[in-house]
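In what follows, chains are A, B, ... by sequence order, proteins preceding strands, each numbered from 1. Keep in mind that this is a model prediction, so the values were computed, not measured.
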2 protein chains.
Amino acid sequence: MDIQKLRCFAALAETLHFGQAAERMNMTQPPFSRQIAGLERALGVTLVERSSRRVALTPAGERFQRDARAVLARFESACRDARLVAEGQTGELRLGFMMHAAHRLVPRMVAAYAARRPEVRITLAEATPEEIEERLIRGQLDAGVTFAGAAVPQLESLPIFRDRLCLALPPGHRLAGRTEAAPEDLRDEDLIAVPDRVSRTLRGEISRWFAQAGLVPRVRFEPQLQQTILRLVAEGLGTALVPASICDRQADVATVPLAAAPALDVVLRTRRGAGNPALAPLLEIIRQGGLTAP
Amino acid sequence: MDIQKLRCFAALAETLHFGQAAERMNMTQPPFSRQIAGLERALGVTLVERSSRRVALTPAGERFQRDARAVLARFESACRDARLVAEGQTGELRLGFMMHAAHRLVPRMVAAYAARRPEVRITLAEATPEEIEERLIRGQLDAGVTFAGAAVPQLESLPIFRDRLCLALPPGHRLAGRTEAAPEDLRDEDLIAVPDRVSRTLRGEISRWFAQAGLVPRVRFEPQLQQTILRLVAEGLGTALVPASICDRQADVATVPLAAAPALDVVLRTRRGAGNPALAPLLEIIRQGGLTAP
DNA sequence: CGTTATCCATGCAATATGGGACTTGATTGG
DNA sequence: CCAATCAAGTCCCATATTGCATGGATAACG
């Protein structure tokens with residue numbers, strides 16, 4: 001059963017004339033007649049009453065005309081949409097990101113992307129770097145904004161910008177106003193930091209920074225979100241090492257640069273090779289830069 | 001482009017395995033692979049990522065899977081419905097009828113029909129016999145309940161029952177209570193009758209009945225509906241010759257049989273040959289009789 | 001009333017498409 | 001390193017589709 005038969009029938013139902021309908025289908029009349037006959041044979045139903053002088057649809061033909069139109073319309077639409085998805089003009093882009101990337105980076109990325117691909121529906125999923133990695137590998141995400149992390153053969157990374165850790169303090173803290181802070185300065189401080197399972201990279205950098213002075217950070221609270229950490233710091237519950245990108249415009253938190261500040265590369269991770277075509281414009285936006293400024 | 005290709009793709013999208021999908025489609029794997037390849041070539045889109053060890057849908061394939069399912073479902077449904085319409089199990093039956101047949105006959109016919117073909121939608125159209133004839137010929141009606149009328153080559157008729165004209169009188173009329181009335185009895189009466197254009201057959205029978213006594217009926221009022229005629233009679237505005245079938249249970253109208261009462265055959269007229277299959281049960285109901293009793 | 005024009009169906013030969021059997025090539029797991 | 005698995009490639013045949021030419025029926029016209 002060929003789609004062509006449906007098209008032929010639709011043309012015939014409109015013109016009620018085999019010759020004209022055949023011409024519309026860019027074929028000669030004999031094969032056209034056989035297409036109609038073949039359709040009727042396949043259905044086991046007479047759709048058209050023909051005499052040499054009159055062509056009319058049977059009741060079944062009337063019904064089938066309406067339905068065939070609908071089928072054809074859906075089919076054409078399905079083909080068109082498949083092509084659009086393949087071109088990345090439409091479809092879905094599933095983007096995962098670390099919570100604190102939602103601060104400025106993700107909104108800017110999404111805005112720039114939506115301007116280029118208004119027809120692509122963007123699914124945003126907040127997740128920990130570990131979850132992002134898992135979901136990327138399982139193909140549940142198309143891309144993830146996360147820390148660079150360990151190399152995984154199935155994934156590749158595109159650098160977005162280099163974040164640096166800084167020290168966040170309550171406004172009246174004794175270290176506030178210092179031009180730089182070293183590990184020893186924080187020897188007796190209660191720290192607030194994300195737990196290791198939420199971001200191994202971030203927590204690892206914090207530990208390493210203290211380790212260079214032979215110290216072990218004394219972590220008192222372990223919330224999951226950087227935003228929460230800043231709120232706790234503002235309330236005087238402790239100090240924290242946080243990505244500098246999240247500290248701007250926090251009126252009730254003082255920040256101090258770190259000596260030998262650890263760098264954290266924020267990257268877009270994607271599955272190697274497996275390409276959602278809708279991803280391309282996002283990669284291009286990142287390569288063009290402009291997402292670094294706070 | 002063959003529907004079969006869509007079915008193959010749907011099967012592949014479910015199993016993600018060429019061999020198993022081919023088996024489900026009752027074919028061997030090589031031609032199945034070609035069907036998929038042909039579909040992709042026709043669309044110009046890669047729908048499936050294949051390696052010898054992994055089969056996965058591309059984003060376009062995911063999208064096309066959903067759409068192809070919908071297309072297939074609609075297509076199957078269209079085929080099924082066309083067959084059902086052809087069998088008369090579903091579809092539409094367009095029935096025209098003379099106004100006064102709505103009194104008892106049409107409701108009974110429709111009830112009996114609906115019991116046999118609950119899935120057929122019945123369109124009822126009140127119309128004059130003349131309109132019924134026109135619409136039947138133009139194929140706008142499938143059947144019409146009307147008077148026998150003149151033979152028309154395109155139409156055929158199935159008798160439903162034989163109606164007889166009777167005299168309708170106001171209750172206190174001088175002729176009320178007579179066992180029979182003759183044309184001479186109505187020599188000086190004002191008559192109420194449908195105009196010729198509404199029913200040539202009925203008006204003709206009335207004229208002929210008077211003519212057999214050399215009289216010409218003096219028609220005073222010409223409403224279009226028999227019901228209206230009875231109302232006018234009841235109010236004492238005249239007398240009328242009306243089909244007996246319409247006079248039962250009219251408390252405020254007296255009826256008197258006519259001498260040599262003209263017979264009016266009420267028939268179901270249909271287009272010759274051109275068969276809405278949904279019509280068959282209606283013909284059968286009429287052939288079985290049981291629609292004659294008042 | 002015969003002729004002509006129109007229109008759908010059919011016969012025929014060339015071509016295209018679809019399906020099966022077998023084989024190849026690549027990848028994975030033992 | 002070998003065996004197993006799986007998709008693609010090759011070859012062949014059956015069927016379907018197409019264009020061209022023709023036939024048969026019907027309505028319009030002279």
Side-chain angles (χ1 to χ4, degrees), chain A residues 1-58 61 65 137 153-154 271-274, chain B residues 1-58 61 65 68 72 75 137-139 152-154 271-274:
Chain A
M1 173 59 92
D2 201 311
I3 296 275
Q4 182 80 349
K5 287 189 168 65
L6 295 186
R7 292 207 187 89
C8 287
F9 177 70
L12 179 60
E14 273 190 29
T15 61
L16 293 179
H17 188 295
F18 279 71
Q20 291 171 24
E23 191 175 2
R24 182 184 299 194
M25 297 296 298
N26 295 315
M27 56 198 296
T28 55
Q29 171 264 322
F32 181 88
S33 289
R34 279 188 292 251
Q35 288 283 347
I36 300 298
L39 176 61
E40 291 182 320
R41 189 159 39 81
L43 289 177
V45 170
T46 302
L47 299 173
V48 184
E49 275 185 81
R50 325 99 141 112
S51 71
S52 66
R53 224 52 202 177
R54 207 177 80 98
V55 174
L57 297 182
T58 64
Q65 177 192 15
I137 292 174
Q154 296 112 313
R271 259 234 322 283
R272 197 177 294 277
Chain B
M1 172 60 93
D2 202 311
I3 297 276
Q4 183 79 351
K5 287 189 169 64
L6 295 187
R7 292 206 187 91
C8 287
F9 176 71
L12 179 62
E14 275 190 29
T15 61
L16 293 178
H17 188 292
F18 279 72
Q20 290 170 24
E23 191 175 2
R24 184 184 297 193
M25 296 296 297
N26 295 312
M27 56 198 295
T28 54
Q29 172 262 322
F32 181 88
S33 290
R34 278 197 301 267
Q35 289 286 347
I36 300 298
L39 176 62
E40 290 182 320
R41 190 161 38 81
L43 289 177
V45 170
T46 302
L47 299 173
V48 185
E49 275 185 83
R50 325 98 143 111
S51 71
S52 66
R53 226 52 201 177
R54 206 177 80 99
V55 174
L57 297 182
T58 63
Q65 176 192 16
L72 283 172
F75 174 73
I137 292 173
R138 280 186 300 194
V152 173
Q154 297 112 312
R271 259 235 322 281
R272 194 177 299 275

Legend entry - Nucleic acid contacts - residues 14-31 of chain B versus DNA chain C, non-hydrogen atoms under 4.0 Å: B/Asn26, B/Met27, B/Thr28, B/Pro30, B/Pro31
Show every donor-acceptor pair shorter than 3.5 Å between a side-chain atom in residues 5-19 of chain B and any protein atom, with sequence neighbours excluded, or say none if there are none.
| residue | atom | partner | partner atom | Å |
| --- | --- | --- | --- | --- |
| B/Arg7 | NE | B/Glu76 | OE2 | 3.3 |
| B/Arg7 | NH2 | B/Glu76 | OE2 | 3.1 |
| B/Glu14 | OE1 | B/Arg24 | NH1 | 2.7 |
| B/Glu14 | OE2 | B/Arg69 | NH1 | 3.3 |
| B/Thr15 | OG1 | B/Ala11 | O | 3.1 |
| B/Thr15 | OG1 | B/His17 | N | 3.3 |
| B/Thr15 | OG1 | B/His17 | O | 3.2 |
| B/His17 | ND1 | B/Gly19 | N | 3.1 |
| B/His17 | ND1 | B/Gln20 | N | 3.0 |

Inset, instruction - Check A/Thr58 against A/Glu49 and note the closest heavy-atom contact, atom names and distance. - result: CG2-CG, 3.9 Å
Legend entry - Nearest-angstrom distance from the residue atom CZ of B/Arg50 to P of D/dG9: 9 Å
Inset, instruction - State, with a plain yes or no, whether a side-chain heavy atom of B/Leu47 is found less than 4.5 Å away from one of B/Leu57. - result: no
Inset, instruction - Please report the closest heavy-atom contact between A/Val48 and A/Arg50, naming both atoms and the distance. - result: O-NH1, 3.1 Å
Legend entry - Flag if over 12 foreign heavy atoms under 6.0 Å of CD, B/Glu23: no
Inset, instruction - Would you check, one step at a time, whether the test side chain to side chain contact (heavy atoms under 4.5 Å, CB included) holds for A/Leu39 with A/Met1? - result: CA-CA 8 Å; A/Leu39 176 61; A/Met1 173 59 92; 3.5 Å; yes
Legend entry - Where chain A begins and ends its contact with DNA chain C, read 5' to 3' at 4.0 Å from heavy atoms: C/dT6 to C/dC12
Legend entry - Strand-adjacent residues in residues 33-45 of chain A, judged by heavy atoms under 4.0 Å from DNA chain C: A/Ser33, A/Arg34
When the side chains of residues 25-36 of chain A are checked against the rest of the protein, which donor-acceptor pairs come out under 3.5 Å, sequence neighbours left out?
| residue | atom | partner | partner atom | Å |
| --- | --- | --- | --- | --- |
| A/Gln29 | NE2 | A/Ser33 | OG | 2.9 |
| A/Ser33 | OG | A/Gln29 | O | 3.4 |

Legend entry - Close side-chain approach of B/Val152 and B/Ile137, heavy atoms under 4.5 Å: yes
Give each protein N/O atom lying under 3.5 Å from an N/O atom of nucleotides 24-27 of chain D, with the pair distance.
| residue | atom | partner | partner atom | Å |
| --- | --- | --- | --- | --- |
| D/dT26 | O4' | A/Ser52 | OG | 3.0 |
| D/dA27 | O4' | A/Arg53 | NE | 3.4 |

Inset, instruction - Specify the separation, in whole Å, of atom CD of A/Gln4 and atom P of D/dA16. - result: 17 Å
